2 protein chains.
Amino acid sequence: MISIKDIAKKAGVSISTVSYALNGNPKVTEETSARILKIAREMDYVPNAAARTLKSRSSKIIGVYLTDFSGAFYGEVLQGMKEVLNKRGYDLIVCSGSYSHRLLPQRMIDGAIVLDHSFASEELLQLAERGHKLVVLDRELNHPNVNQVHLDNKAGAALAVEYVIEKGHRKLYVVTGPQGSYDSKQRLQAAKQAIERNPDVVYVEIEGNFTKESGELAAKQIMKEYKEPVAVFCLNDEMAIGLYNTLVKADFRIGEQIHIIGFDNIELTQYTQPRLATIDYSKRKWGALASEQLIKLIMGVPVEHERIYVTLIEGGSVGEG
Amino acid sequence: MISIKDIAKKAGVSISTVSYALNGNPKVTEETSARILKIAREMDYVPNAAARTLKSRSSKIIGVYLTDFSGAFYGEVLQGMKEVLNKRGYDLIVCSGSYSHRLLPQRMIDGAIVLDHSFASEELLQLAERGHKLVVLDRELNHPNVNQVHLDNKAGAALAVEYVIEKGHRKLYVVTGPQGSYDSKQRLQAAKQAIERNPDVVYVEIEGNFTKESGELAAKQIMKEYKEPVAVFCLNDEMAIGLYNTLVKADFRIGEQIHIIGFDNIELTQYTQPRLATIDYSKRKWGALASEQLIKLIMGVPVEHERIYVTLIEGGSVGEG
DNA sequence: TTGTAGGCGTTATCAG
DNA sequence: CTGATAACGCCTACAA
């Protein structure tokens, strides 16, 4: 491994001069600087990150924690994060699993964005307490070193429920996410509230877990109980797609017999026929905003919690009731 | 940040004693060691990764480079990598984009697995030349510091082509991947060879790029040219699904009028009706093997290039011709 | 058994 | 303008 020491030797100067030259410090002559830079390039010198991190106490790397790597859904969110971070001179790395939690306390990364409900809030709080900067997207966590960037789940759920009610439906299934999910809880709570405002609406809850499989299971239950047209609010699109496919295979007519609305507006929703109604928000913006908040936290700029707004996307999957 | 120095002060011993104790070196008394460990725990000391990396010249982190983060398809591959690496005491981080290329030369990671054809082979070769250990999954690259773990694309493509020919089809479209893709080239080449062995088969090539959208475009072309039943070999499932959906929407009967076979056996293929025929291989194993090869390279164990074998999965999407 | 000291590569302070 | 020198936190001969 070639270090500034090697360059110094070759250039016949001291290591500090090399360091200055490499860092563009105007203290050194144009001439010496040019010579040093040339030698550095010739030896293709690359600074050692560990040494730099040790000295500067910052690695310029941000980690994002995901529950798993299957993230079809997270692609855009991550893209949004990366763009902002790179622009600010930071690298983004994606981590998953508790094994990687060490990266933060060991100071391998300067901060983290959390989108992984299997990462315990207590552990996060401890990290925050130790001075680590965090942005959480999937829970509430109040600490000066933690910022929250949440979806406006409540507004979204209310929009969805009001939409189907407005369309004339009076029997409504709600397929939930997993127990631990913050998003699911929020959406469910708001959905219930919206339903309660319409006392003539009958409502049935089905427990799901945000996977396509759980949507399929829900479909089976719904088909078994089927007597008259009903509406189904799946708390995410993944489940809505599973539900949708299963019902279509069983020759149910979506948008006539069974009306479906999802949440997230994942890419797949566009391909269903009729189109799946859903709740949309900018995933890219979600990631971008999370990154910006984290950078601010790291720079010591005061920040407020942020919110990503959502809109309703109508679709043929919800017809007139 | 709390360091061994702080612990030493509190324990009234020297920093080396602390270091020994923490590393379980039998040089220090059980007693002193216990006392030091207790203090360390109380202060919840965590070793600084930068310092350790600087000293040990190894970060115990492996990076995997992906073209983008959308990787619905890569989930299992990454999972396979992570399991092996964690077992060996390494962390896995996922990177994307040229900005992150620096992690390797700066020695922030001990090695890399590459599944990103936008990462130039020349650059990889330079890195290998500098002594960095690499495993490539998406290209051929011969260098002592580089190992290859490839899918058996040729066998897979041959299997696919032979399958449709055996089913009696004599007109065959092949929808390719993007120009730069190693997998696409390999599959196409083997497909052509298999076709040439059957001179009565008519064959048309359609250029795609491995995305669902290009599958949709291919579908449009095929529909326009449609006169009699034809078979289509999509060089990956993603495109096959796009093709499939588009054809179904246009009321074509899959497995009767148009016969489709894909490659990869992604999860979605199970959900199509009829099931999409495809080429399967263990994605988890691919990742696991890549990791093992990398670890061996790092440890200086000699390695041969490896290959992941594939099998044919029959499906109703290819009917009798 | 424990302590002293040097070094990993970089940056930054302070003399010269 | 340039160079010695210390420091970041950790590890490890070697000395005591």
Side-chain angles (χ1 to χ4, degrees), chain A residues 1-37 39-40 43-61 89 102-110 130-131, chain B residues 1-37 39-40 43-61 102-110 130-132:
Chain A
M1 144 136 250
I2 123 116
S3 78
I4 53 170
K5 206 185 277 181
D6 303 304
I7 300 177
K9 204 178 294 172
K10 194 145 188 174
V13 297
S14 79
I15 58 162
S16 31
T17 306
V18 175
S19 178
Y20 287 136
L22 291 172
N23 293 314
N25 189 315
K27 286 171 154 185
V28 335
T29 335
E30 283 270 334
E31 195 185 357
T32 350
S33 181
R35 194 162 50 87
I36 290 171
L37 290 176
I39 292 175
M43 304 180 83
D44 50 36
Y45 164 79
V46 178
N48 180 301
R52 190 173 264 183
T53 300
L54 180 59
K55 182 69 189 171
S56 70
R57 307 167 143 279
S58 148
S59 65
K60 297 301 234 172
I61 299 177
R102 70 169 177 103
L103 298 178
L104 207 45
Q106 295 188 350
R107 307 195 98 87
M108 184 100 284
I109 57 183
D110 291 350
R130 292 175 64 101
Chain B
M1 144 133 248
I2 121 119
S3 76
I4 52 171
K5 206 188 276 179
D6 304 302
I7 299 177
K9 203 179 295 171
K10 196 145 185 174
V13 296
S14 81
I15 58 164
S16 44
T17 306
V18 174
S19 178
Y20 288 138
L22 291 172
N23 293 313
N25 189 314
K27 286 172 153 185
V28 336
T29 334
E30 282 270 332
E31 196 185 358
T32 345
S33 180
R35 193 161 52 87
I36 289 172
L37 290 176
I39 292 175
M43 302 179 84
D44 51 35
Y45 164 80
V46 178
N48 180 301
R52 194 172 260 185
T53 300
L54 180 57
K55 181 70 188 176
S56 69
R57 306 167 146 282
S58 149
S59 65
K60 295 302 232 174
I61 299 177
R102 69 168 178 103
L103 298 179
L104 209 43
Q106 294 188 352
R107 309 194 96 86
M108 184 102 286
I109 56 184
D110 290 350
R130 294 175 61 102
H132 299 286

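These numbers were taken from a predicted model, which means no experiment stands behind them.
- When rounded to the nearest whole Å, the span between CD1 of Ile4(A) and C1' of dT5(D) equals 13 Å.
- Within 4.0 Å (heavy atoms only), Ser19(A) reaches at least one base atom of the nucleic acid.
- Residue Ile15(B) places its side chain closer to dA5(C) than to any other of dG9(C), dG9(D), dA5(C).
- Counting only heavy atoms from C-beta on, Leu54(A) has its side chain closest to dC8(D) among dT2(D), dC8(D), dT12(D).
- Here the side chain of Asn48(A) pairs a donor or acceptor atom with the backbone of Ala50(A) at under 3.5 angstrom.
- Neither side chain, Ser58(B) nor Ser56(B), offers a donor N or O lying under 3.5 Å from an acceptor on the other.
- Checking side-chain atoms of Arg107(A) against main-chain N and O of Arg57(A) turns up no donor-acceptor pair under 3.5 Å.
- With DNA chain D read from its 5' end, the first of the two nearest nucleotides for Ala51(B) and Thr17(B) is the one closest to Ala51(B).
- Inspection of the Ser16(A) and Ser19(A) side chains reveals no N or O donor paired with an N or O acceptor under 3.5 Å.
- Whole-Å rounding puts the Ile36(A) CD1 to dC1(D) P distance at 13 Å.
- Atom CD in Gln106(B) sits roughly 10 Å away from atom P in dT11(C) (whole-Å rounding).
- Where Lys27(A) and Asn48(A) each meet DNA chain C at their nearest nucleotide, the meeting point lying more 5' is that of Asn48(A).
- We find that CZ of Arg107(A) is positioned 9 Å from P of dG9(D), with the value rounded to whole Å.
- Between Tyr45(B) and dC10(D) there is a side-chain N or O to OP1 or OP2 distance below 4.0 Å.
- When rounded to the nearest whole Å, the span between CE of Met1(A) and P of dG7(C) equals 18 Å.
- Among the protein residues, Thr32(B) comes within range of the sugar-phosphate backbone only, with heavy atoms under 4.0 Å from sugar or phosphate atoms but none that close to a base.
- For a distance-only test at 3.5 Å, the side chain of Ser16(A) qualifies as a donor-acceptor partner of the base of dG3(D).
- At dG9(C), one or more side-chain N or O atoms of Arg57(B) fall inside 4.0 Å of OP1 or OP2 (strictly under the cut-off).
- Nucleic acid contact for Thr29(B): sugar-phosphate only, since backbone atoms but no base atoms lie under 4.0 Å from a heavy atom of the residue.
- Distance, Met43(B) CE to dG9(D) P: 13 Å, rounded to whole Å.
- Listed nucleotides dC10(D), dT10(C), dA13(D) differ in distance to Tyr20(B); the shortest reach to its side chain belongs to dA13(D).
- With dG7(C), dT10(C), dG3(D) as the choices, the nucleotide that has an atom nearest any side-chain atom of Lys55(B) turns out to be dG7(C).
- Side chain of Asp6(B) to main chain of Ser3(B): a donor-acceptor pair is present (N/O by atom type, distance under 3.5 Å, no hydrogens or angles).
- Between Lys9(A) atom NZ and dA4(D) atom P the separation is 14 Å, expressed in whole Å.
- Contact check, Asn23(B) against dC11(D): a side-chain N or O comes under 4.0 Å of OP1 or OP2.
- Side-chain proximity of Arg52(B) to dT1(C), dT10(C), dC11(D): nearest is dC11(D).
- Distance, Glu31(A) CD to dT2(D) P: 9 Å, rounded to whole Å.
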Ile109(B)/Leu104(B) under side chain to side chain contact (heavy atoms under 4.5 Å, CB included): CA gap, chis, key distance, verdict:
CA-CA 6 Å; Ile109(B) 56 184; Leu104(B) 209 43; 3.5 Å; yes
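- Residue Ser14(B) has a polar side-chain atom (N or O) positioned under 4.0 Å from OP1 or OP2 of dG3(C).
- Look at Lys5(A) and you'll find a side-chain N or O under 4.0 angstrom from OP1 or OP2 of dC8(C).
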